[in-house]
Amino acid sequence: MSVPQITGVADDQREITRLCAQAGLMLLQHGAESALVESVVRRLGLALGMEAVELVLLANGITLTTIRDGVCHTTARRNLDRGINMHAVTEVQRTMLLAEEKQLDAAGVARRLDEIKPFRYPRWQVSVMVGLSCAAFARLGLIARGAEADVWTFVLTFVASAVAMQARQWLASLHFNPLVNFAVTAFIATSIAAQGVIHGWVDSPKIAMSACVLLFVPGFPFINAVSDMVKGYINTGISRGVMAVLLLLACCAGIVLAMTVWNTWTWL
Amino acid sequence: MNTLLLLLQDFGLAAVPAVGFAMIFNVPKPALRYCALAGAIGHALRFTLYKIAPLPIELATLIAAGVVSLIGVYWAQKWRAHPKVFTVAAMIPMVPGVYAFTALLALVEIERKGYSEALLRTAMDNGLKAFFIIAALAVGLALPGLLFYRRKPVV
């Protein structure tokens, strides 16, 4: 009786599995929705000569199997959130498209994936733009109410949110838990806006207090959560949705603490 | 103020948060102007449908998000990137942040002061509004995939 032969995984299949895992993990870490992760990884594997690529996605990990000539190779990776970065997502997707057009082989894909350095805007630029964004939100809020434009409301909103954004980026660079980060920075933003209310600098304190914390609304996770669930990825959708609600709650804690300290209950 | 002027103001103001948040999401520099344009078109379209037509805000949001998403698909194919690179930042001006915060703060107030119907009403009204608008945004963004690109990828 012959011993059943155990087929080994060829080296190139192992390498392609690794590349697929690397690409998928990079997408997941930088805030791509589940449908995109799955389609990019599958197409990358097929472009590099696999017969099938099967992918299981979780919020904090990814497991994938490549299949060729009846030989399966499976690998799992742990996911650590690196923050939303559309530049990294775009680069991974373009690598996949190049592989699909046969302009890159496995070695080329590996080189390109390794070369991706997620691009970040300078912190002060982001803070200034986010400050302006919240000031624009304040103006939109005033229009919705039919109130007069008040320059000092915008200035106060701008200062409060720009300072809070700077603090948020600084705390994030020190690797604080995002929940702690959001609570502390929401406290800072509300405290600055509350000074305007206390000293009577502005005509519409309520608008300034509410607009300066709008930079904390986790819009991207919320939209990703719903689109995941609409497309059938209920698991990751729920994880993302719960995380987004927790971030909002953390901000609320910061806002309530600030309103208690300064005794300015203008929200409700 | 006349309506056209209000609409123009809305168009200009919405572009600012679209770019600001696109920078938080680290959208590549050349794509920032598309985010600004898409954000302005989306918010101004919603303003038109909601204030002038007048449709309910959720429906207006769904239509505006759907239109922005279709524009995003066109840009995505030209630019070889996923449409969400442009469109999610464009949705940010329409995200119901104030509703969401008001709902949660009302819940905190119930905890602090004890139950009252007015507070619970504030929490429910604002929370449901926020939920439905966010659902409309996400479903609107998914519309091209649900209607036209059913089994094939956009890019």
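Computed from heavy atoms alone, side chains included, the values below leave out hydrogens, waters and symmetry copies. The shown structure was predicted, so the numbers you read here are calculated from the model rather than taken from an experiment. In what follows, chains are A, B, ... by sequence order, proteins preceding strands, each numbered from 1.
- For the set A:Met259, A:Arg94, A:Lys231, A:Gln125, the count of heavy-atom pairs under 4.5 angstrom toward chain B peaks at A:Arg94.
- The main-chain N or O of A:Val53 is found under 3.5 Å from a side-chain atom of A:Arg42 such that the two form a donor-acceptor pair.
- Heavy-atom minimum distance, A:Ser191 versus A:Phe187: OG-O, 2.7 Å.
- Heavy-atom distances place both the backbone and the side chain of A:Ser227 under 4.5 Å from chain B.
- Shown here is B:Arg80, whose CZ atom has more than 12 heavy atoms of other residues, nucleotides or ligands within 6.0 Å.
- Top candidate by heavy-atom pairs under 4.5 Å with chain A, chosen from B:Ala14, B:Gly20, B:Pro96, is B:Gly20.
- Side-chain contact, A:Tyr233 with A:Glu38: a donor N or O sits under 3.5 Å from an acceptor N or O.
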Applying salt bridge (Lys or Arg N to Asp or Glu O under 4.0 Å), run through B:Glu58 and B:Lys129 and close with a yes or a no.
CA-CA 8 Å; B:Glu58 299 84 357; B:Lys129 203 63 150 194; 3.6 Å; yes

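- Although no hydrogens or angles enter the test, the distance criterion places a donor-acceptor pair under 3.5 Å between the side chain of B:Arg150 and the main chain of B:Leu147.
- For the pair B:Tyr50 and B:Leu59, the minimum side-chain heavy-atom distance is 4.5 Å or more.
- With a 4.5 Å cut-off on non-hydrogen atoms, A:Arg123 does not touch chain B at all.
- There is no contact between A:Gln169 and chain B, counting heavy-atom distances below 4.5 Å.
- Scanning for ring pair (Phe, Tyr, Trp, His ring centres under 6.0 Å) contacts around A:Phe154 gives an empty result, with sequence neighbours left out.
- Only the side chain of A:Met165 comes within contact range of chain B, judged by heavy atoms closer than 4.5 Å.
- With a threshold of 4.5 angstrom between heavy atoms, B:Lys51 approaches chain A through side-chain atoms but not through N, CA, C or O.
- Between chain B and the options A:Gly219, A:Gly131, A:Cys252, A:Gly83, heavy-atom pairs under 4.5 Å are most frequent for A:Cys252.
- Counting heavy-atom pairs under 4.5 Å between each of A:Leu249, A:Val40, A:Asn224 and chain B puts A:Leu249 at the top.
- Interface remark: A:Ile207 contributes no atoms to any contact with chain B (heavy atom separation under 4.5 Å).
- Heavy atoms of A:Phe220 lying under 4.5 Å from chain B belong to its backbone as well as its side chain.
- With a 4.5 angstrom heavy-atom cutoff, B:Val108 touches chain A only via side-chain atoms.
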Take A:Phe119 and A:Tyr121, measure what ring-ring contact (aromatic ring centres under 6.0 Å, His included) needs, and give me the verdict at the end.
CA-CA 7 Å; A:Phe119 167 77; A:Tyr121 285 95; 4.9 Å; yes

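- For A:Ile143, the part sitting under 4.5 Å from any heavy atom of chain B is the side chain, from C-beta outward, and nothing else.
- Considering only heavy-atom pairs separated by less than 4.5 Å from chain A, the leading option among B:Val95, B:Ile24, B:Leu137 is B:Ile24.
- Heavy-atom distances place no part of B:Val154 under 4.5 Å from chain A, backbone and side chain included.
- Judged by a 6.0 Å distance limit and a 45° cone about the ring axis, B:Arg112 is positioned over the six-membered ring of A:Trp265.
- For A:Val128, no part sits under 4.5 Å from any heavy atom of chain B, backbone or side chain.
- Between A:Leu156 and A:Ile192 the shortest heavy-atom distance is CD1-O, 3.8 Å.
- Using a 4.5 Å cut-off between heavy atoms, B:Leu141 touches chain A through its side chain atoms alone.
- Taking every heavy atom of both residues into account, A:Pro221 and A:Pro218 meet most closely at CD-O, 3.3 Å.
- Side-chain polar atoms of B:Ser69 and B:Thr87 form no donor-acceptor pair below 3.5 angstrom.
- In terms of heavy-atom pairs under 4.5 angstrom with chain B, the leader among A:Met229, A:His30, A:Glu101, A:Glu91 is A:Glu101.
- Between A:Thr157 and A:Cys212, the shortest heavy-atom distance links the atoms CG2-N, 3.9 Å.
- Using a 4.5 Å cut-off between heavy atoms, A:Val126 contacts chain B through both its backbone and its side chain.
- Residue B:Thr122 touches chain A through its side chain alone, counting heavy-atom pairs closer than 4.5 Å.
- Among the candidates A:Val245, A:Val256, A:Leu140, A:Ile255, the residue making the largest number of heavy-atom pairs closer than 4.5 Å to chain B is A:Leu140.
- Interface remark: B:Val27 contributes backbone and side-chain atoms alike to the contact with chain A (heavy atom separation under 4.5 Å).
- Contact of A:Leu36 with chain B is made through the side chain alone, with heavy-atom distances under 4.5 Å.
- Only the side chain of B:Leu119 comes within contact range of chain A, judged by heavy atoms closer than 4.5 Å.
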